[in-house]
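For reference, the structure is listed below as structure tokens.
The residues of the chain are indexed from 1 along the displayed sequence.
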Amino acid sequence: MATLQSLADLNRANTQTSNPENEAPVHVQKLDAQGRAYATGKRKDAVARVWIKPGNGTVVVNGRAVETYFARPVLRMILRQPLEIAGRVDQYDITVTVKGGGLSGQAGAVRHGLSKALTYYEPELRSPLKREGFLTRDPRVVERKKYGRKKARRSFQFSKR
């Protein structure tokens, strides 16, 4: 390596060596042997494993149709959000296994996993989904119970006498 005598030499040396850390990462398609994209989504205590493949829009959650598993329309709307943002409604068959938490947490986990799986299948969808915040794992979880208290923050009832 040559010794650098001035700031101009240092600038020239920096421009000659392309630094891969400054370049944006190139996202490539990640598929399994069956041609499916797989991703894991999490929300609260729920963990969802999501597989997507091209199809006619069939959604199966834990072996049941999405209309029977997520009976409330709000939960189904949460699941459809990434597909509507990407403009891919009824273009993918989606298979989901989800465990833990309640129905609301499970719907959020499926949305997170579906968004990640869409970016693995079509990397160009990453920027619109990231802009809507679907690729970010929601860090909010239940606060733990503390000793000397009834719940996480609720104190025992105070008795003056």
Side-chain angles (χ1 to χ4, degrees), residues 21-160:
E21 294 143 11
N22 295 339
E23 297 172 7
V26 178
H27 297 285
V28 295
Q29 191 179 43
K30 297 178 188 174
L31 301 179
D32 63 5
Q34 288 84 28
R36 305 175 301 181
Y38 166 77
T40 306
K42 296 182 180 181
R43 170 85 169 93
K44 293 187 177 180
D45 274 344
V47 180
R49 300 185 303 160
V50 181
W51 290 268
I52 64 168
K53 63 180 179 180
N56 56 4
T58 307
V59 181
V60 178
V61 181
N62 289 352
R64 292 190 277 175
V66 70
E67 289 79 19
T68 58
Y69 195 85
F70 292 116
R72 293 199 321 236
V74 174
L75 300 177
R76 289 196 302 271
M77 185 258 312
I78 289 173
L79 263 64
R80 277 196 309 270
Q81 284 176 336
L83 296 168
E84 290 170 354
I85 293 295
R88 303 292 191 272
V89 179
D90 296 336
Q91 292 185 15
Y92 289 106
D93 286 343
I94 302 165
T95 307
V96 180
T97 59
V98 62
K99 295 180 181 177
L103 287 176
S104 178
Q106 288 184 350
V110 172
R111 181 179 80 170
H112 184 227
L114 178 57
S115 302
K116 285 172 62 175
L118 280 171
T119 60
Y120 292 156
Y121 204 90
E122 296 183 58
E124 62 272 7
L125 293 177
R126 184 173 171 82
S127 62
L129 291 172
K130 191 165 179 67
R131 196 176 316 116
E132 295 295 322
F134 294 155
L135 297 177
T136 307
R137 198 256 196 240
D138 192 349
R140 297 176 296 171
V141 293
V142 176
E143 190 174 343
R144 69 170 285 265
K145 182 199 177 299
K146 279 79 168 188
Y147 54 87
R149 292 187 174 264
K150 195 169 188 170
K151 294 172 33 176
R153 298 190 178 192
R154 169 89 165 93
S155 299
F156 292 112
Q157 184 171 356
F158 175 72
S159 175
K160 205 168 201 178

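If you check the side chains of Thr58 and Asn56, you find a donor sitting under 3.5 Å from an acceptor. A side-chain donor from one of Arg49 and Thr97 sits under 3.5 Å from a side-chain acceptor of the other.
Put simply, the side chain of Lys53 does not reach to within 4.5 Å of the side chain of Tyr92, judged on heavy atoms. Here the side chains of Leu103 and Leu75 are in contact, with some heavy-atom distance below 4.5 Å. Side-chain contact between His112 and Arg43: absent, with no pair of heavy atoms (C-beta onward) separated by less than 4.5 Å. Residues Thr95 and Val50 form no side-chain contact, since every pair of their non-hydrogen atoms from C-beta on lies 4.5 Å or further apart. Between Glu124 and Arg126 there is no side-chain heavy-atom pair separated by less than 4.5 Å. Val60 is not listed as a side-chain neighbour of Ile94, based on a closest heavy-atom distance of 4.5 Å or more. Residues Leu114 and Leu79 have side chains not in contact (no heavy-atom distance under 4.5 Å, counting atoms from C-beta outward).
Sparse packing is recorded around CG of Asp45, with 12 or fewer heavy atoms of other residues, nucleotides or ligands lying under 6.0 Å away. The neighbour count for Lys30 NZ, taken as heavy atoms of other residues, nucleotides or ligands under 6.0 Å away, does not exceed 12. Counted within 6.0 Å of CZ on Arg72, heavy atoms from surrounding residues, nucleotides or ligands total 12 or fewer; the atom is thus considered open.
Contact check on Arg88 versus Glu122 returns a salt bridge, with a Lys/Arg side-chain nitrogen under 4.0 Å from an Asp/Glu carboxylate oxygen. Taking 4.0 Å as the cut-off between side-chain N and carboxylate O, Arg64 and Glu67 do not count as a salt-bridged pair.
For the pair Gln106 (side chain) and Gly100 (backbone), a donor-acceptor distance under 3.5 Å is present.
Evaluation of the ring pair (Phe, Tyr, Trp, His ring centres under 6.0 Å) test over residues 43-86, restricted to residues two or more places apart or in two chains, returns Tyr38-Trp51.
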